[in-house]
Amino acid sequence: MAEQRAEPLRLGSIAPNFDAETTNGPINFHEFIGESWVVLFSHPEDYTPVCTTELGAFAKLEPEFTKRGVKLIGLSANTIESHGGWIKDINDISGSNLTFPIIGDKERKVAYLYDMLDHQDTTNVDSKGIAFTIRSVFIIDPKKTIRLILSYPASTGRNTAEVLRVIDSLQTGDKNRITTPIDWVPGEDVIVHPSVNNELAKELFPNFRIVKPYLRFTPLPKEKTSANV
C-alpha cells in the first residue's frame, strides 16, 4: 500500500483539487473553497464513538467558523448513505444541527490524495484490511494554500477550539504583520513580525516593547483580531 501514497503535503503547498460526492451534493473542491478559508478534516469511520463526538463539536462551533469566513467539510471512509444516518445520531447525541458537507470516501481516493492514512496503527483497518483514515486537519486559505496540517491518532479526539484559535492566529497575522506566541488567545499581546524593523514597528505598533532584539511584543486588542465577529 505504501507505493500508492501521494507525496507528502507541506505548509505552503496548493491543496490538491478533487471531485467528490458529499452529503450536500457533488463538489469540486477548489470551487467549494471559492474565496473562503476551509477546514478539511477526516474521520476513520461512521458510527464510531470518538468520531461522533467530534462531528457534534464541529457542528456546534460552525457559526463561529462561518463568522470568520471559514467553511467546514468533513470526510469519512464510508458512503453518503451511511453518513446520512450517522448525522441523525450526531445531532441526537450532541444537540447540534450539522449542516456542513461530509465527503463520502469509501474508496479512499481523497484519503490517499491527502495522505490521511495511518501506517503505524495496524489495527486501524476495516473488515477487508484496508487502512482507515486518521484524524487529519487541513486549514486552507482562499488562495488554496495549505496553512496548517494536524494529524491525530484514531484513538484521540481533536480540540475544536484549538482549530478555531489557529484560524484567528493566521487571519490576524495576515492582516496585521504579527505572529502569535504560545497559548495566545485573541486579546493578548502578540509578537511583531521579524520582517518589520523597529522604525516601521514604531509606526504600526506605537506601544511595542523590545524584550530581546529578536522578540518584540505589542498589544493587539481583540477588536483588531478575526475573533471580533
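Computed from a predicted structure; not experimentally measured.
Under the 6.0 Å cut-off for aromatic ring centres, F208 and F217 do not qualify, their centroids lying 6.0 Å or more apart. Ring to ring, F41 and F58 are close: their centroids are under 6.0 angstrom apart. Y112 and F18 have their aromatic ring centers separated by at least 6.0 angstrom. Taking the ring centroids of H30 and F32, they lie at or beyond the 6.0 Å cut-off.
Between the Q171 side chain and the R68 main chain, a donor and an acceptor come within less than 3.5 Å of each other. In this structure, the side chain of T172 does not engage the main chain of S169 through any donor-acceptor pair within 3.5 Å. A donor-acceptor distance shorter than 3.5 angstrom exists from the side chain of S42 to the backbone of S136, with no hydrogens or angles considered. Panel note: side chain N24, backbone T99; a donor-acceptor pair is recorded below 3.5 Å. In this structure a side-chain-to-backbone donor-acceptor pair under 3.5 Å is missing from S13 to A15.
Closest of all the heavy-atom pairs between I87 and T23 is CD1-CG2, 4.0 Å. Heavy atoms only, all atoms of each residue included: D141 and I33 are closest at O-CG2, 4.0 Å. When all heavy atoms are compared, the tightest approach of W86 to C51 is CZ2-CB, 3.5 Å.
Under the side-chain contact (heavy atoms from CB on, under 4.5 Å) rule, P181 has a single partner from D189, L215, I191, which is I191.
Residues in residues 88-98 take part in these side chain to side chain donor-acceptor pair (under 3.5 Å) pairs, two or more places apart or across chains: N91-S96, S94-S96.
A search for salt bridge (charged side-chain N to carboxylate O under 4.0 Å, His left out) contacts involving E107 returns K109, not counting sequence neighbours.
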Apply side chain to side chain donor-acceptor pair (under 3.5 Å) to residues D168 and S226 and explain how you reach the verdict. CA-CA 5 Å; D168 283 332; S226 64; 2.6 Å; yes
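With contacts defined as side-chain heavy-atom distances shorter than 4.5 Å, the pair I102/L55 qualifies.
Of the N and O atoms on the side chains of R216 and N198, at least one donor lies less than 3.5 Å from an acceptor on the other residue.
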